[in-house]
Every structure is written in structure tokens, then in C-alpha cells.
**Q** 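Let me begin by handing over the structure; questions about it come next.
Computed from heavy atoms alone, side chains included, the values below leave out hydrogens, waters and symmetry copies. Below, read A as the first sequence line, B as the second, and so on, with proteins coming before strands; counting in each chain starts at 1. Keep in mind the model is a prediction, meaning the values are calculated, not measured.
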There are 2 protein chains.
Amino acid sequence: MSRWQPNARERLAEAALELYGERGFEQTTVAGIAGRAGLTERTFFRHYTDKREVLFAGARDLEELFVRAVAGAPASAAPIDALAAGLEAVAEAFAGRRAFARRRQAVIAANAELQERELVKLASLAAALAGALRGRGVGEPAASLTAEAGVAVFKIGFERWIGADEERDMAPLLRESLAELRAVAAGG
Amino acid sequence: MSRWQPNARERLAEAALELYGERGFEQTTVAGIAGRAGLTERTFFRHYTDKREVLFAGARDLEELFVRAVAGAPASAAPIDALAAGLEAVAEAFAGRRAFARRRQAVIAANAELQERELVKLASLAAALAGALRGRGVGEPAASLTAEAGVAVFKIGFERWIGADEERDMAPLLRESLAELRAVAAGG
DNA sequence: GTGTCGATGTCAGTCACTGACATCGACAGT
DNA sequence: ACTGTCGATGTCAGTGACTGACATCGACAC
């Protein structure tokens, strides 16, 4: 039998989300998070580089998934269609996680430092998408513009999904947002 | 005669820029900045909310200037032309400050935390510009898209200005960047 | 001459984050 | 079974960003 309870990392993330939600981000101490997870403060910092990052660990997975789907789209697909493929993959990954996403987004919305970190993650996502598009042979500035647009579509679709009825899936919301972008770009 | 030397705020900003440049942002302590300015750490935090903000105090002025110029453009001007008026005002405000801007940008480029803060300031600028455009009667999402585009143009033009010969003025560089954006948007 | 005010100083405290070193089950090799 | 390594965690002692409470003392108004 193991010396430690398993899933320390996940326990820390859950404890952090709970406490940030109950008391707010600033009123929560890292020692408090670690305590609730049955660990010490030092161990928290072995799993997460700082107090904010515990909410953004999933961003790396999302980025990889999104990028892989864009890169793996048929070679014949136009940039915007490769982007659409990425958005489909993202929607799939969020299936069944709306309650969690809502809790997390409410916490972020309540604190400026967390919003700051979210901007960084979105910028990182845009850069990664632009790289994937360039890897498909898309030139600049089209790659970067498409990537930025993709992030914008994701943001808007995500917000709508968070606010939607329990029944709405994310995929159609992302498709609608992408369609709106196309309309605007076409001079709507 | 006054009890204190004047311009405490400016002395702190200059001392911070010097030290961030000499030793790097992380290797610099707030006590060190305050000491070089002939003040105490506590006084630093009365003038700037945190160690990063001392480099971004000018961002508020820039935002106000930009917004005022956009809002004050002729009512007949199209959104993109109001934006162009704002860019002209910005270029004027930077005249003669390239050496300072270079020093500052080099410091920011060397540290991730400072880049994070810069993203926040640019997001704030975009939001303010979108508000100014809506005040001109521009609807959504055109206002937000125009504002985001304006920030992008500013960023690119600013980078080119930083890297340009001493003789290049900022205004023509911003005009060129805006022209490129128009070309891309037109389907170039 | 007196009183208020504002910018600064002083001091004590909290907490995010780090480095160095100790602990002890798991597991591999023998 | 015996032993040595390893990896996740704990322990402890810092450093430094940031805050609250209170003191100081020129300037300025009355």
C-alpha cells in the first residue's frame, strides 16, 4: 500500500476551486488549500508554479488538443476549415464538464489577477494555433489573423455555452460563433 | 522650503527602470528602487500598486489620449478613420521619447510577468477604444473588432518604431501598419 | 499663533514562494 | 529476504512583496 493518497495534484486543484469559490481568491491562502487536500504548502508549489496556475492546468491540455486537431485536418482544408476542425475537437473535450467550467469561470470573473492569467493563456493558445497553421503552409499574417480569430470565436462560444441551458452542447454554439465571424469578415 | 524633494513618483519610476535594466526585474527589490530614489519602500507602494505597475503608469495617459482622439474625430469619419485619427495623436505623443521607449520595452521583453501586465494594458486599451467607437454610434461587433484591430496596428507600428533608425517618426509607421491591415481585410 | 493637512517615515505583520535536507514506502536487483 | 535507489512528500528556515496603524513635520489657512 502506497505511502500517500493518490491524485495529490487533482485534490489540490479541487480544494483550490472550492476555497476560491467560498472565500474568494485573495482571502484564500495556499496553506489552506494544501490543508484541505491533506498536504503541505510546500507540496502545492511542487505541483503548481503559483497560486493562480492551479486553475489553469487544463489550459495546456486544451491547447494541445486544439493544435493537434488543426494540424491533423485534411491537407485540402482551408485555414478556416482547419480551425473549425479544431473547434469541434474542443467542444467534444468539454462535453459533460459545464458545471465545472461554470464554477471555474465564476471564480476567474471575480478576480483581476486571475483574469490577467487567463489573458496569458489565450495569448499562448493563439500563438500555438498560428504555429500549427504555418505548419499547414499558411503564410503570415494570415496564420496569425486566423489564429486570433479562432481564439475570439472560442471565447464567445465558450461564454455562451457557460450561460446556456443545461441541454445546449458546445459544438453548435462554436459553429454559430464561427459563422458570425465569417459574416462579419465578409462585410456583414 | 519643502520638506521633501519634488517628483517622488517620477524618481521612483526612473530608479525602477534603471534597476530593472541593470539587474533584471526579479533581481531588483522594491526597497532597492525606493533607496535609489531617496525614499522608503512604503512610499513606493503609495505611488504604485505593485512592483510591475511602475512601468505602466503611462499606459493610462496613452489610453486617454487615444480615446479622446477617436471620440473627437469628425462625426462624418468612418470607424477606421476615427481610429486613424487616434493613431496620429498617439504618434505625436511619442515624439522624442524613443530612447525611453526602447529601454522600457527591452526590460519588458526580458520578463514574463511584465509581459503579462502589458497584455492587460492592451486589453484595457481595446475595451476603451471599443467604448469610444460605440459612443460614435458604431454598433457591435464592429466596434470591438475595430478596436482590436487598432490595438494590433499600434503594437506592430510601435515595434517597428522601436527598431527603426533614429530618424523615422512614428506616424508614418503607424499609417503603413494601418494600410497593411486594410489590405489584409480587403482580402490581400 | 494655532490647527489642519498631506506626503512621508517607522514598525510590525501576513503570506507567496524557494532552497536544503530528511523521511519512508515501493520497487529492482541479487 | 537483503539492500540500495528513487520519488513523492514533509520540515524548516529563509526572502521579499505588500498592508495596516500610527508618528512626524513643513506648508498653508485662518
Side-chain angles (χ1 to χ4, degrees), chain A residues 1-57 107-108 110-118 120-121, chain B residues 1-57 107-108 110-118 120-121:
Chain A
M1 141 173 169
S2 183
R3 189 175 172 197
W4 317 105
Q5 299 292 324
N7 303 322
R9 192 179 169 83
E10 286 68 29
R11 271 153 48 215
L12 286 167
E14 175 58 23
L17 184 55
E18 286 172 14
L19 287 170
Y20 292 169
E22 292 168 14
R23 314 181 186 167
F25 176 77
E26 289 188 1
Q27 277 41 261
T28 301
T29 67
V30 174
I33 297 168
R36 180 170 294 206
L39 295 163
T40 63
E41 188 183 10
R42 192 67 184 86
T43 295
F44 177 95
F45 287 109
R46 288 203 178 92
H47 285 281
Y48 299 102
T49 59
D50 63 48
K51 193 185 166 188
R52 293 182 243 175
E53 199 64 19
V54 65
L55 283 184
F56 295 93
V107 166
I108 292 173
N111 182 271
E113 286 180 70
L114 293 172
Q115 291 160 40
E116 195 167 343
R117 180 59 53 88
E118 191 170 39
V120 171
K121 298 299 179 182
Chain B
M1 141 176 168
S2 182
R3 190 175 170 197
W4 316 106
Q5 300 292 323
N7 304 322
R9 192 180 168 82
E10 286 69 29
R11 272 155 45 217
L12 285 167
E14 174 58 24
L17 185 55
E18 286 172 13
L19 287 170
Y20 293 168
E22 292 169 13
R23 314 179 185 169
F25 177 76
E26 289 189 1
Q27 277 41 260
T28 301
T29 67
V30 173
I33 297 168
R36 181 170 295 206
L39 296 163
T40 63
E41 187 183 9
R42 192 67 184 87
T43 296
F44 177 95
F45 286 109
R46 288 203 179 93
H47 285 280
Y48 299 102
T49 59
D50 63 47
K51 193 185 164 187
R52 292 182 244 174
E53 198 64 18
V54 65
L55 283 185
F56 295 92
V107 166
I108 292 171
N111 182 271
E113 287 181 69
L114 293 172
Q115 291 160 40
E116 197 167 341
R117 180 58 53 88
E118 191 169 41
V120 170
K121 297 301 179 182

**Q** Hey, mind stepping through A:Arg36 and A:Glu22 against salt bridge (Lys or Arg N to Asp or Glu O under 4.0 Å) and telling me if it holds?
**A** CA-CA 13 Å; A:Arg36 180 170 294 206; A:Glu22 292 168 14; 3.1 Å; yes
**Q** Could you please spell out the steps behind the side-chain contact (heavy atoms from CB on, under 4.5 Å) verdict for A:Tyr20 and A:Lys51?
**A** CA-CA 11 Å; A:Tyr20 292 169; A:Lys51 193 185 166 188; 3.2 Å; yes
**Q** Can you tell me the Watson-Crick or wobble partner of C:dA22, both distances under 3.5 angstrom?
**A**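 Checking every strand shown, C:dA22 finds its partner in D:dT9, with both distances under 3.5 Å.
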**Q** Across all strands shown, which nucleotide pairs with C:dG13 by Watson-Crick or G-U wobble geometry, both distances under 3.5 Å?
**A**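 Its partner is D:dC18.
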**Q** Start with the C-alpha gap between A:Arg52 and A:Glu118, add the side-chain angles, then the distance that decides, and say whether side-chain contact (heavy atoms from CB on, under 4.5 Å) holds.
**A** CA-CA 10 Å; A:Arg52 293 182 243 175; A:Glu118 191 170 39; over 6 Å; no
**Q** Please examine the side chains of B:Arg117 and B:Glu113, heavy atoms only from C-beta on, and report whether any two atoms are closer than 4.5 Å.
**A**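 When only atoms from C-beta onward are counted, B:Arg117 and B:Glu113 do not touch, as no gap falls below 4.5 Å.
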**Q** Quick one, B:Ile108 and B:Phe56 - any side-chain contact, counting heavy atoms below 4.5 Å?
**A**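 The answer is yes; the side chains approach within 4.5 Å.
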**Q** Quick one, give me the B/S/- string for nucleotides 4-20 of chain D, reading 5' to 3', where B means a protein heavy atom under 4.0 Å from the base and S means that only happens at the primed atoms, P, OP1 or OP2.
**A** ----BBBB-----SBBB
